[in-house]
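Here's the structure we're looking at; comments come further down.
Just so you know, these numbers come straight off a predicted model, no measurement behind them. Note that these values count all heavy atoms, side chains included, but never hydrogens, waters or copies made by symmetry.
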Amino acid sequence: MSLLTPLPVAGAAPPPAAPGRAVRPLLLGAPAPRLADRLGLLGPVPAATADDVLDLVRAAGLRGRGGAWRPTAVKMDAVRERARRTGRAPLVAANAAEGEPLSRKDAALATARPHLVLDGLQLAARAVGAREALVHAHPGLGLDALAAAASERADLDPVPVRLVVVERAYVAGQESAVARAAEGGPALPRPRPRSGGPVEVAGAPALVLNAETLARLALAARGLPTPGPLVSVSAPDLEARALELPPGARVVDALAAAHPTLPARTHAVLVGGYAGTWLPLAACRGRALTPEGLAPVGATPGAGVLLAATTGTCVLRTTAVVARYLADSSARQCGPCWRGLPHLAALVEALAAGTADAQGLARLQEAVGLVVGRGACAHPDGAAGTVASALAAVPGDVAAHLAGRCEQVAA
């Protein structure tokens, strides 16, 4: 058995198996789109009380896999407490809307194991006492698989499931955007509440969990081993693909799994996606794909997205593309999104083009500071963090661009 099970990508040859310890793929293993397939592979979900599920979540150390990595038990506790105080029955949501342009893991998981995601959704509903569950996703193969699976089990699940279909957009998967879409509104983030706590749908507390988190909950309920990370890896010459890695896998393991020559051709990695952190490859060596493994170098796995900057790829030019995309993808609901991000993108573009001088760099650094912490949601923070990390990761390239040349791309 190979180290991982990749998601086939149309028009791309499957990568060769990476050397290493073989594991049984549990999340991206043999496709099980039908309920009978799931029962045959994994068996039924064991009966459990609400407290049993919550205890299981704590014992398994489940955390969010959509980007924030917040402990799932903390979110469940908050929803239960809000429901107790308000007397409103909670709602649970499976968030399968991958707005991140380079993420493929949720679509791969939903396509291969949709019933696993829905098993986790029912368990989460049981944990918080929800009477309604929903699947939040954009059109595509993942939604089709989840819709078919939900229809197949409609008469079996104790909590009814409805589909909320949204257009693919970067901010559509943000937790409060899920809540707004559930109410029939646009899939746009709400302003960050001052008091914190769970998001609400029509006044009822809502538990929003990433599709991968729910699938992991369903595996834990069956007493199965904890799977390794799901990641999406891409490079300028490698189409994004989803991979299931063994527990303890490192950044360089993910690169090698995508293609055996990728580590040798890579000089920097954007870890965590478009709102992630640029790291020189040397900083990634030995770093596990966990928050704890990446914290010493100021990064987090985020949504499990890795973009490799290979030979001939300029980090600053790539960051300019990312910054412009994030500016164009904002909700435009606050000053930092409406004005700050386009201004930031323009300054990065000038540096990438080799037309910025020392004063332009100073204005770019000032713009980063003006955006952070001032947005109605966290979107501006992510964009500013990516830009700041690029400047820190390739100081030699920054100096070269200020002199009007690029060290990575031949003239």
Side-chain angles (χ1 to χ4, degrees), residues 49-58 60-97 99 106 117-118 120-137 158-164 166 171-218 220 291 300 302-303 331 333 375-379 381-382:
T49 67
D51 289 340
D52 289 339
V53 176
L54 190 52
D55 289 344
L56 173 70
V57 168
R58 290 196 180 95
L62 286 179
R63 291 184 284 186
R65 298 282 173 151
W69 286 76
R70 188 181 179 194
T72 303
V74 171
K75 295 184 71 171
M76 287 181 169
D77 280 333
V79 169
R80 283 164 54 124
E81 174 59 21
R82 179 69 61 84
R84 185 191 65 79
R85 287 194 291 105
T86 63
R88 298 292 302 274
L91 173 146
V92 295
N95 187 359
D106 288 343
V117 176
L118 297 178
L121 186 60
Q122 292 295 321
L123 286 165
R126 192 179 308 170
V128 299
R131 297 177 184 172
E132 181 184 5
L134 63 87
V135 171
H136 175 92
V159 178
V161 176
R162 66 182 173 100
L163 302 179
V164 177
V166 297
V171 296
Q174 202 268 356
E175 189 173 61
S176 64
V178 175
R180 287 184 75 175
E183 295 174 341
L188 295 174
R190 287 173 174 153
R192 286 183 276 201
R194 296 181 179 178
S195 60
V199 296
E200 294 184 350
V201 173
L207 175 66
V208 180
L209 297 175
N210 178 256
E212 182 187 347
T213 305
L214 292 169
R216 289 176 178 273
L217 172 56
T300 171
Q333 297 180 137
C377 70
H379 180 67
D381 296 357

> Taking the side chain from Q333 and the backbone from R190, do they hold a donor-acceptor pair closer than 3.5 Å?
Replying inline: no
> M76 pairs by side-chain contact (heavy atoms from CB on, under 4.5 Å) with which of L207, V92, L62?
Replying inline: L207
> For the side chain of K75 and the backbone of P198, is there at least one donor-acceptor N/O pair under 3.5 Å apart?
Replying inline: no
> Any idea which heavy atoms bring G302 and W69 closest together, and the distance?
Replying inline: O-NE1, 2.8 Å
> Hey, are the side chains of V135 and L118 touching, using non-hydrogen atoms and a 4.5 Å cut-off?
Replying inline: yes
>> Could you check whether any side-chain N or O of R82 sits under 3.5 Å from a backbone N or O of V199, counting only pairs where one atom can act as donor and the other as acceptor?
In response: no
>> Strictly distance-based, threshold 3.5 Å: is any side-chain N or O of R162 a donor or acceptor partner for the main-chain N or O of A182?
In response: yes
>> Using the rule given for side chain to side chain contact (heavy atoms under 4.5 Å, CB included), can you reason through E212 versus D106, listing the C-alpha separation, both sets of side-chain angles and the distance that settles it, and then say yes or no?
In response: CA-CA 7 Å; E212 182 187 347; D106 288 343; 4.1 Å; yes
>> So which atom in A133 and which in V159 form the shortest heavy-atom distance, rounded to 0.1 Å?
In response: N-CG1, 3.7 Å
>> Please check this pair: side chain of R180 against backbone of P189, looking for a donor-acceptor N/O pair closer than 3.5 Å.
In response: yes
> Which residues satisfy the side-chain contact (heavy atoms from CB on, under 4.5 Å) test with D52, sequence neighbours excluded?
Replying inline: A48, T49
> Where do A94 and L214 come nearest, in terms of heavy atoms and distance?
Replying inline: CB-CD1, 3.3 Å
>> Tell me whether N95 contacts the main-chain N or O of G173 through its side chain, where contact means a donor paired with an acceptor under 3.5 Å.
In response: yes
> Quick check: does any side chain N or O of R88 sit under 3.5 Å from a backbone N or O of A202, one acting as donor and the other as acceptor?
Replying inline: yes
>> Just to verify, what does H136 make a ring pair (Phe, Tyr, Trp, His ring centres under 6.0 Å) with, not counting sequence neighbours?
In response: none
>> Ignoring hydrogens, what is the shortest heavy-atom contact between P90 and G129? Give both atom names and the distance.
In response: CD-O, 3.5 Å
> Which heavy-atom pair separates A331 from L188 by the least distance, and what is that distance?
Replying inline: CB-CD2, 4.0 Å
> Can you name the nearest heavy-atom pair linking A124 to L217, along with the distance?
Replying inline: N-CD2, 3.9 Å
> How many angstroms lie between atom CG of D77 and atom OG1 of T72, to the nearest 0.5 angstrom?
Replying inline: 11.0 Å
> Can you name the one residue among L163, V164, V201, V208 that meets side-chain contact (heavy atoms from CB on, under 4.5 Å) with L134?
Replying inline: V164
> Can you list the steps and then say if L54 with R80 is a side chain to side chain contact (heavy atoms under 4.5 Å, CB included)?
Replying inline: CA-CA 11 Å; L54 190 52; R80 283 164 54 124; 3.7 Å; yes
> How long is the gap from CG on L209 to CZ on R63, to the nearest 0.5 Å?
Replying inline: 14.5 Å
